[in-house]
Amino acid sequence: MEKTAFIINPFSAKKNYQPFLNELKSKVKDPLYFISDSIAGTDEFIRNHFETVDLFVAIGGDGTISTVAANLIGTEKILAIFPAGSGNGFSNETQFSKNLDELLGKIRAKKSRKIDTFTVNGRLSINVSGTGFDGKVVKEFEKTTRGFKNYIKVSLRTFFSYKPIKLKFFSEEYKQHNGKYLMVNIANTRQFGNNAYIAPHASKSDGLVDMVLVKKFPLTYSPLFAFRMFTKKLKEDDYITYLPISEIEFKVNTKNWHLDGEFNKIKSPIHVKVQPASLNILI
């Protein structure tokens, strides 16, 4: 483990990272770890240990993982994950569990593979990012103590009051899809988190992302939408459109975005670009 570093987000897992750290110290002699309270702190730690560390383990949610990953893009350094977030979408999609023995076994084997990432106006995303309804939900969700129940509560409250956003593509190829949408998602993997599959056929290694356009639907459609989303059966219909793309430009009349579940203000025009095989992941 001498070439492995563990980066802990102390605000994940309801701010209770000590059990993980205690278990790590009991199973690994003198582990190299860093408790980071900021993106800048994480970046600095990785820079300082980049030459001597081959594998960086992110302990946190999708936002933490994305922060660590941003420092490893385009290199041979390997990203590993111990999920400790509220949704854990990316760790679910890359088969990382909350079993430390299993993780340590993978680290010893040290097998890895390259996966795609993408950018939104130059900002990295590794999982699912979006605007519209879910961008607003993330903004309101961050005011709570997080957790799946609070996410559902915020989602329901937001749904009834949210007005659809206006989307306009620049390319003639996609102008038929101009219009008003409840939400627009860019999916590198299949799920938001909590096993909610917004893009059941998305692949993180095909050089494409799925652009998911969701029109505002009537309340009567909600149970079917939820059932399909949680059973990996969402598909194109009168309310949902899937556009596989490698690069695209468009504008929306909102600045509210979430990147891997973290709220961001991003001004249109929007440029989405896939970065094929850009991130090395432990398997």
Side-chain angles (χ1 to χ4, degrees), residues 1 3-28 30-73 75 77-92 94 96-98 100 103-104 107 117 119-120 122-129 135 137-148 150-151 154 192-194 256-266 279 281-282:
M1 298 288 166
K3 292 187 176 182
T4 300
F6 298 82
I7 299 172
I8 300 169
N9 179 352
F11 305 111
S12 294
K14 298 180 180 179
K15 302 183 181 181
N16 187 22
Y17 64 88
Q18 198 60 50
F20 166 83
L21 190 53
N22 291 342
E23 186 181 4
L24 177 66
K25 288 180 176 179
S26 72
K27 294 177 176 178
V28 177
D30 299 323
L32 173 61
Y33 69 89
F34 177 63
I35 300 171
S36 176
D37 61 1
S38 68
I39 292 174
T42 295
D43 293 345
E44 183 180 8
F45 174 82
I46 293 174
R47 281 197 305 271
N48 290 342
H49 294 85
F50 198 80
E51 296 302 320
T52 56
V53 170
D54 292 335
L55 194 154
F56 293 88
V57 184
I59 298 94
D62 284 353
T64 304
I65 298 163
S66 187
T67 298
V68 175
N71 291 274
L72 312 182
I73 294 295
T75 76
K77 303 299 181 180
I78 302 170
L79 172 69
I81 300 160
F82 186 88
S86 54
N88 299 318
F90 188 74
S91 56
N92 290 344
T94 47
F96 286 99
S97 71
K98 294 184 179 182
L100 183 56
L103 174 61
L104 295 177
I107 291 172
T117 61
T119 57
V120 180
R123 304 186 198 191
L124 178 69
S125 179
I126 58 175
N127 195 51
V128 178
S129 295
V137 167
V138 168
K139 182 179 181 181
E140 297 303 316
F141 182 55
E142 290 191 346
K143 299 175 184 177
T144 72
T145 54
R146 295 208 168 214
F148 186 56
N150 279 332
Y151 185 82
V154 170
F192 288 125
N194 292 307
N256 292 340
W257 279 76
H258 76 86
L259 300 182
D260 299 325
E262 301 292 320
F263 180 72
N264 279 254
K265 286 277 190 182
I266 305 179
L279 180 61
I281 291 281
L282 189 70

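Each residue takes its place number in the sequence, starting with 1. Only this structure's heavy atoms are used, side chains among them; waters, hydrogens and symmetry mates stay out.
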> Once you round to the nearest 0.5 Å, how far does CD of Gln18 lie from NZ of Lys25?
Replying inline: 6.5 Å
>> Apply side chain to side chain contact (heavy atoms under 4.5 Å, CB included) to residues Ile59 and Tyr17 and explain how you reach the verdict.
In response: CA-CA 9 Å; Ile59 298 94; Tyr17 64 88; 5.8 Å; no
>> On a heavy-atom basis, which atom in Ile126 and which in Asp62 lie closest, and how many Å separate them?
In response: CD1-O, 4.5 Å
> Roughly how far apart are Thr75 OG1 and Ile46 CD1, rounded to 0.5 Å?
Replying inline: 10.0 Å
> Looking at side-chain heavy atoms only, is the closest gap between Phe90 and Ile281 below 4.5 Å?
Replying inline: yes
> How would you list all residue pairs meeting ring pair (Phe, Tyr, Trp, His ring centres under 6.0 Å) that involve residues 46-69, not counting sequence neighbours?
Replying inline: Phe45-His49
> Which heavy atom of Pro83 sits nearest a heavy atom of Ser97, and at what distance?
Replying inline: CD-O, 3.3 Å
>> Give me the atom names and distance for the closest heavy-atom approach of Gly61 to Ser12.
In response: N-OG, 3.6 Å
> If you look at every heavy atom in Ser36 and Thr42, which pair is closest and at what distance?
Replying inline: OG-OG1, 2.7 Å
> If every non-hydrogen atom of Ala80 is compared with every non-hydrogen atom of Leu55, which pair is closest and at what distance?
Replying inline: CB-CD2, 3.7 Å
> When you measure from the side chain of Asp37 to the backbone N and O of Ile35, does any donor-acceptor pair fall under 3.5 Å?
Replying inline: no
>> Could you check whether any side-chain heavy atom of Asn48 comes within less than 4.5 Å of a side-chain heavy atom of Phe34, counting everything from C-beta outward?
In response: no
>> Just verifying a value: how many Å separate Thr94 OG1 and Ile81 CD1, rounded to the nearest 0.5 Å?
In response: 4.0 Å
> Would one find more than 12 heavy atoms of other residues, nucleotides or ligands at under 6.0 Å from atom NZ of Lys27?
Replying inline: yes
> When rounded to the nearest 0.5 angstrom, what distance separates CG in Leu79 from OG1 in Thr117?
Replying inline: 11.5 Å
>> I'd like to know whether Ile107 forms a side chain to side chain contact (heavy atoms under 4.5 Å, CB included) with Phe6, so could you lay out the CA-CA distance, the side-chain angles of the two residues, the decisive distance to 0.1 Å, and finally the verdict.
In response: CA-CA 12 Å; Ile107 291 172; Phe6 298 82; 4.2 Å; yes
>> I'd like to check Phe96 versus Leu282 (side-chain heavy atoms, cut-off strictly below 4.5 Å). Are they in contact?
In response: yes
> Does a sphere of radius 6.0 Å around CD1 in Ile39 hold more than 12 heavy atoms from other residues, nucleotides or ligands, not counting ones at 6.0 Å or beyond?
Replying inline: no
> Within a strict 4.5 Å, meaning less than it, do heavy atoms of the Trp257 and Lys265 side chains meet?
Replying inline: no
>> For a 4.5 angstrom cut-off between non-hydrogen side-chain atoms, does Phe20 reach Ile8?
In response: yes
> side chain to side chain contact (heavy atoms under 4.5 Å, CB included) between Asn71 and Asp43: does it pass, once the steps are laid out?
Replying inline: CA-CA 7 Å; Asn71 291 274; Asp43 293 345; 2.9 Å; yes
>> Do His258 and Asn264 make a side-chain contact, defined as non-hydrogen atoms from C-beta onward lying under 4.5 Å apart?
In response: no
>> The test is side chain to side chain contact (heavy atoms under 4.5 Å, CB included); show your working for Asp54 and Ile78 and say whether it passes.
In response: CA-CA 6 Å; Asp54 292 335; Ile78 302 170; 5.7 Å; no
> Can you check whether Ile266 reaches Leu259 side chain to side chain, under 4.5 Å on heavy atoms?
Replying inline: yes
Ignoring hydrogens and angles, write down the donor-acceptor pairs under 3.5 Å from the side chains of residues 63-70, residues two or more places apart or on other chains.
unit_1, atom_1, unit_2, atom_2, d
Thr64, OG1, Asn9, ND2, 2.8
Ser66, OG, Asp260, OD2, 3.2
Thr67, OG1, Gly63, O, 3.0

